[in-house]
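Note on naming: letters A, B, ... go to the chains in the order of the sequence lines (proteins, then strands), and numbering restarts at 1 for each one.
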Amino acid sequence: MRMRITTACQFETKRGKRASLLLNYKLCTTMPGRVVVDQANPGSHLTRIPIPGINTATDSSQASIRGKVIQKGPLVSLGDEDFVLKAVIEEEESVQRSSSRNMSINVILFGGLAKDFSEAVSRGEVVVVTGFTVGKSPTAHKDQLHPCNLLLSGDDACLYVLRSLPPSVSRSPAASKRSSTSKVSKSAKVSKYTYVPLNELKPGAVVNVYGVVVFFKQPYKTRGTDYCSSLKITDQSNQKVGCNIFCERLEDHPKIFQLGDIIRMHRVKTQAFGGSINLLNTFGFSVVTFDGRPESTVVPRTSSKSFHFEPEDKQTVEELRTWAANQDLLPTTPRIHLSSVQPQSYFDLTCQLLWKAPVDGTCILLKVWDGTRCVHPLQDFSVEASVIEGPFSLSRERSDLAVNILVFDNHAEIARQLKPGAYLRIYNLHATTGTSSVPCSSGGSGQNQLAFHLHGGTSYGRGVRVLPDDSPDIQELRRVVESYPDDDNDFNLNDSAIMEIWGTPPETLVCVCSHSPPERRCGHALQQVTLAEVKQSGPDQLFHVNAQLKSYQPRHLYQALKLHCPKCRVIQEIPDDDFLSETFLEASKAPGHIADPWLLSKSILLPGDGPKSPGRTLSIHLSKELFGESKSKDLIYVTGATLEDVCQLAAAYQYILPVTASGGSASLMDLSAPFLFRGNKRYYGCKQCSQVSVKELKVGGSEEINEEFIAEALGIKLLQYGLLLKLELQQGRDTLEVFLWRDAETFFQVSLEDVAANQEAQNKISKTMDFLCPPGRSMAEHPWLDLCLTTYTVKEDDGLKHVCYQVCQTSTTTTPP
DNA sequence: GCTTAGGATTAG
């Protein structure tokens with residue numbers, strides 16, 4: 001089958017309505033790179049954002065900012081030990097200058113931090129800040145500095161000073177760089193620790209120990225309040241000692257990646273158990289771990305902001321490593337890649353997560369790869385595209401190598417928090433064969449198809465963990481996966497640059513177009529023109545061009561798919577499932593009681609499974625009117641339902657309307673969430689244009705209940721799905737950036753409502769884009785397209801009008817070869 | 001309020 005772009009002379013959208021050409025985007029092509037600071041530096045687990053790259057959408061919980069102090073204001077007292085201080089920090093030379101103006105930013109410090117900064121930090125010093133919030137700088141106009149400022153207040157705020165130390169002072173592991181870190185408001189305390197050999201432990205003592213890890217489980221949830229890391233360690237005394245570390249927070253647990261890692265624990269309690277000594281963490285416990293391979297550099301792994309580390313520690317680690325290397329302590333299992341997996345075996349897999357999707361309450365499907373190809377036939381699974389988190393459409397190379405992993409039970413809970421792009425180690429993964437009866441299995445011939453299962457439980461250290469980006473274990477993997485052509489479109493810079501515009505918060509997307517373009521038809525009578533001629537022309541014109549597609553943005557459909565209001569023309573993002581789950585969960589906690597006389601209600605008490613998941617009441621309400629019309633299955637109202645409940649119910653009833661009780665009456669939830677569900681489809685309402693009130697539906701006998709009818713009855717203005725792509729057209733040496741928006745449905749010959757709900761429709765779009773812009777092919781191999789373009793003006797923030805271009809009245813058609 | 005786990009395969 002061959003696809004060809006032609007111009008369609010007739011055009012009418014599915015619903016017979018037209019969205020106007022209203023786009024107001026600026027593309028920032030100079031988004032600075034993401035720089036991860038050196039492991040030895042503070043905030044190394046965070047993404048370092050260059051100062052020019054800061055904006056109000058910066059996720060400060062994941063970011064650190066580094067800069068040189070170029071101005072330090074006076075400490076201003078606000079009374080009662082409260083202070084404020086303003087400083088300016090400047091991006092250092094090392095980062096590429098992408099904008100000369102935004103290299104310096106105001107930092108406003110509050111409270112004790114302001115006071116400490118005033119006393120401890122001088123101009124010219126380099127600082128790293130974390131836990132900040134980003135605000136709009138009210139003085140940007142006046143001081144010509146960065147349009148944002150950094151606000152440092154509260155417990156999360158932290159500021160580190162990078163400072164040279166005299167050689168005699170105990171240093172951080174960054175000693176080789178001749179620099180150390182001091183955290184403002186905490187001075188380093190120098191004290192000696194003594195470590196007890198493992199064969200000298202006596203019960204009932206609190207000790208510090210070093211050891212080589214000979215067994216470990218990743219932290220797992222206990223029946224109590226904490227996670228437990230269960231491990232066994234040994235040292236030169238050859239004594240093996242079991243340890244149980246209980247911490248509520250996962251980040252406080254020892255970072256153990258593989259057998260042979262070295263662990264140092266401070267303040268562990270010895271305890272007699274079963275004739276031997278066990279170790280248990282106790283008050284003031286701290287832990288640091290190290291890679292166990294003698295050839296690797298000694299880099300402490302810890303999430304502690306301050307920890308003790310001296311040259312003696314480095315020596316102890318090296319001695320333990322050398323000793324362990326000459327012992328028969330650890331099994332000598334070779335690293336298994338997907339290419340060397342044996343059916344029915346258990347192995348540890350180091351891989352990259354491509355995407356994930358929930359299967360049911362106890363199972364998550366992970367799509368991963370390690371750059372090698374599994375030689376065995378693999379079992380296939382299918383999931384709804386709408387529940388996939390991550391790039392739904394993989395390049396051919398990637399999807400050839402990617403495998404599915406089913407993660408069950410306790411591990412599913414951890415897997416829910418994994419982010420696509422993360423590097424993972426999955427311990428005790430089971431390569432199973434035989435037919436699967438999990439809900440997402442596509443069936444198939446089954447018997448000798450391989451499937452990867454991470455079973456529930458923690459036997460044999462079964463578990464999954466994220467490896468840090470600087471882990472030596474992933475460098476080779478990273479090199480391999482990054483060598484694939486499509487890679488730079490998926491997880492790194494390009495996407496974050498695109499997200500600058502495509503992820504712009506909805507309120508800034510309100511369209512401010514001067515007026516809608518006139519309706520014109522291309523018709524084949526229009527003569528083809530060059531891109532240069534299009535650019536030289538004014539707005540409100542229609543052109544017929546012949547060009548190639550050089551590139552397009554965003555690369556992922558889930559980034560291009562939007563919701564928009566046909567009335568007020570606001571464009572907004574589609575909320576992700578994590579957000580929706582949270583919203584529904586919150587609402588389900590306080591369902592209240594509905595006593596509307598026009599509803600028939602029935603409540604079910606669903607048992608919980610612990611203090612963090614208490615029981616809840618799910619209520620289903622039927623409209624008496626619909627019941628009388630024998631349409632009781634057409635629409636039900638539910639209260640106390642989680643997102644999962646709603647999806648389940650959506651399989652049995654036509655329309656599900658989640659409601660909460662407000663003064664004894666049914667009322668809708670916040671319109672941030674879908675107000676209506678039908679099968680896989682979700683319907684949203686416009687916050688600005690809806691005047692919601694839940695009242696009895698009046699249906700005539702022949703009237704069909706559909707989303708439009710329900711929305712109207714509720715006073716809701718239905719949002720429509722839209723698809724927004726920016727295409728770079730090429731014609732010889734000339735290029736032109738154009739949008740595809742209004743006529744996206746015509747272009748792809750697909751309903752965007754379907755695209756939001758099913759994989760098949762999504763595949764149609766990705767196949768089309770792969771055909772128009774074949775990944776990894778030269779421009780000579782890109783097809784030539786006949787396109788209609790319209791020109792129109794958009795009023796920018798600066799008040800000036802800009803001419804924009806949009807593809808219109810063009811559809812992809814398939815023609816026989 | 002101060003437990004939880006204390007290695008040793010799921011059975012999808």
Side-chain angles (χ1 to χ4, degrees), chain A residues 201 203 206 211-234 240-250 252-254 256 258-259 263 267-285 329-331 333 342-349 357-366 379-381 383 404-413 415 426-444 446 449-464 610-612:
Chain A
L201 297 173
V206 173
V212 182
V213 176
V214 292
F215 172 79
F216 69 99
K217 287 180 177 186
Q218 292 303 335
Y220 55 94
K221 201 109 191 73
T222 64
R223 287 164 210 241
T225 57
D226 298 336
Y227 284 91
C228 175
S229 286
S230 193
L231 51 140
K232 191 167 272 176
I233 61 173
T234 190
K240 291 192 173 62
V241 177
C243 314
N244 288 310
I245 308 301
F246 295 100
C247 302
E248 205 164 354
R249 301 180 336 148
L250 283 170
D252 295 334
H253 280 260
I256 303 169
Q258 61 190 338
L259 295 179
I263 186 166
R267 289 167 289 265
V268 281
K269 189 164 66 181
T270 56
Q271 198 182 53
F273 176 77
S276 53
I277 299 274
N278 265 357
L279 294 172
L280 211 65
N281 57 313
T282 182
F283 187 72
F285 166 77
L329 282 177
L330 309 166
T333 41
Q342 291 303 313
Q344 304 297 7
S345 65
Y346 289 88
F347 64 105
D348 295 347
L349 177 68
V359 172
D360 58 32
T362 64
C363 180
I364 283 193
L365 179 69
L366 303 184
Q379 223 174 85
D380 203 19
F381 299 95
V383 286
N404 297 304
I405 295 181
L406 290 176
V407 174
F408 292 96
D409 306 338
N410 50 326
H411 311 299
E413 220 172 289
I426 302 173
Y427 301 90
N428 197 238
L429 187 59
H430 190 185
T432 75
T433 52
T435 43
S436 173
S437 60
V438 290
C440 61
S441 171
S442 316
Q449 289 184 331
L450 211 57
F452 297 105
H453 288 191
L454 182 66
H455 297 297
T458 63
S459 305
Y460 282 84
R462 198 179 299 133
V464 56
K612 285 189 179 163

Whole Å only: how far is the [atom1] atom of [X] from the [atom2] atom of [N]?
X        : N      : atom1 : atom2 : answer
A:Leu429 : B:dT10 : CG    : P     : 15 Å
A:Asp348 : B:dT9  : CG    : P     : 16 Å
A:Asp409 : B:dT9  : CG    : P     : 17 Å
A:Phe408 : B:dA11 : CZ    : C1'   : 10 Å
A:Leu365 : B:dG12 : CG    : P     : 17 Å

Check your understanding: Donor-acceptor pair, A:Asn281 side chain versus A:Phe246 backbone, under 3.5 Å?
Key -> yes
- Query: Between the main-chain N or O of A:Gly461 and the side-chain N or O of A:Asn428, is there a donor-acceptor pair closer than 3.5 Å?
  - Reply: no
Using the P atom as the reference point in each nucleotide, state the distance between B:dT10 and B:dG6 in Å, no decimals. 14 Å
Reading nucleotides 1-8 of chain B from 5' to 3' and marking B where a protein heavy atom lies under 4.0 Å of the base, S where only the sugar-phosphate is that close, and - otherwise, the string is --BBBBBS
- Taking the six-membered ring for Trp, is the centroid-to-centroid distance between A:His453 and A:Phe408 below 6.0 Å? yes
| Parallel, tilted or perpendicular: ring planes of A:His430 versus A:Tyr346, cut at 30 and 60 degrees | parallel
Interatomic distance, OG1@A:Thr270 vs CG@A:Asn278, rounded to 0.5 Å, equals 10.0 Å
A:Tyr427 meets the side-chain hydrogen bond (donor to acceptor under 3.5 Å, both in side chains) criterion, sequence neighbours left out, with A:Gln218
Query raised in the report: Is A:Gly456 touching bases, backbone alone, or none of the nucleic acid, heavy atoms closer than 4.0 Å?
Result: base
